[in-house]
Amino acid sequence: MSRYFELDVGERTLPVWLWGLKHGQARWDKVGPSYVLSGQWSGKIEGATGPNSVCAPGRLRLEKPVLTQVVTEKKRHIEQLPVLRKRPIRVSKTMDVERE
């Protein structure tokens, strides 16, 4: 399992929008002919404090198919993914989320 953290936002397409800075854990697996990165994340709204500062949590799953017949695997152990700084963000669609 690898941990990751976002510390700030590097580029904003909507400057007035408050962004959720995420952190979480993810793991790499080989599933059939694909490599998969999956895990859970949570976050806090930048600059906010208190109980209303928490972002809705989520899950991630990225899959990269291996498109060749012969696959040579090199296993690397990654202790920690890099800290993300100045992440570019481009908004194409937004969605309101309400808590039940």
Side-chain angles (χ1 to χ4, degrees):
M1 219 28 117
S2 296
R3 294 181 184 266
Y4 60 92
F5 304 88
E6 289 182 315
L7 300 177
D8 52 22
V9 176
E11 181 182 326
R12 299 167 190 272
T13 54
L14 295 174
V16 297
W17 194 268
L18 295 176
W19 297 99
L21 300 176
K22 297 171 183 59
H23 62 273
Q25 293 185 356
R27 66 183 272 161
W28 293 97
D29 291 306
K30 183 149 186 325
V31 179
S34 299
Y35 293 104
V36 176
L37 174 67
S38 61
Q40 296 184 0
W41 61 266
S42 57
K44 290 198 172 239
I45 297 172
E46 62 178 334
T49 59
N52 292 331
S53 67
V54 178
C55 293
R59 292 176 173 261
L60 70 90
R61 179 181 168 90
L62 302 172
E63 186 171 334
K64 179 180 180 182
V66 178
L67 302 176
T68 59
Q69 291 289 328
V70 179
V71 177
T72 303
E73 287 186 281
K74 289 184 178 180
K75 293 194 174 189
R76 274 189 341 202
H77 181 64
I78 301 174
E79 289 295 325
Q80 183 173 350
L81 293 176
V83 172
L84 302 176
R85 294 180 185 269
K86 306 284 184 200
R87 170 174 67 109
I89 298 174
R90 291 179 181 81
V91 177
S92 61
K93 197 185 293 188
T94 62
M95 174 177 61
D96 291 328
V97 178
E98 293 182 18
R99 190 179 281 188
E100 291 183 305

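Numbers for residues simply follow the sequence, beginning at 1.
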Checklist outcome for this item: Residues passing the salt bridge (Lys or Arg N to Asp or Glu O under 4.0 Å) test with Arg61, sequence neighbours excluded, are Glu63
Checklist outcome for this item: Across all chains, not counting sequence neighbours, the side chain to side chain contact (heavy atoms under 4.5 Å, CB included) partners of Val31 are Asp29, Val36
Checklist entry - Can you tell me how far CG of Leu37 sits from OH of Tyr35, rounded to the nearest 0.5 angstrom? => result 13.5 Å
Next on the checklist: Check whether Lys22 reaches the backbone of Gly20 with its side chain - one donor and one acceptor, N or O, closer than 3.5 Å.
Outcome noted: yes
Return a table of donor-acceptor pairs under 3.5 angstrom between the side chains of residues 45-58 and protein atoms on other chains or two or more places apart.
from  : atom 1 : to    : atom 2 : distance (Å)
Glu46 : OE1    : Arg12 : NH2    : 2.9
Glu46 : OE2    : Arg12 : NH1    : 2.7
Glu46 : OE2    : Arg12 : NH2    : 3.4
Glu46 : OE2    : Trp19 : N      : 3.1
Ser53 : OG     : Gly50 : O      : 2.7

Checklist entry - Roughly how far, to the nearest 0.5 Å, is the CG atom of Leu60 from the OG atom of Ser38? => result 7.0 Å
Checklist entry - Are Trp41 and Leu18 connected in a single hydrophobic cluster, I mean Ile/Leu/Val/Met/Phe/Trp/Tyr linked by side-chain heavy atoms less than 4.5 Å apart? => result no
Item to check | Pairwise distance OH(Tyr4) to CD(Gln25) - rounded to 0.5 angstrom | outcome: 9.0 Å
Checklist entry - Yes or no on side-chain contact (heavy atoms from CB on, under 4.5 Å) for Ser42 and His23, after CA distance, side-chain angles and deciding distance? => result CA-CA 6 Å; Ser42 57; His23 62 273; 3.1 Å; yes
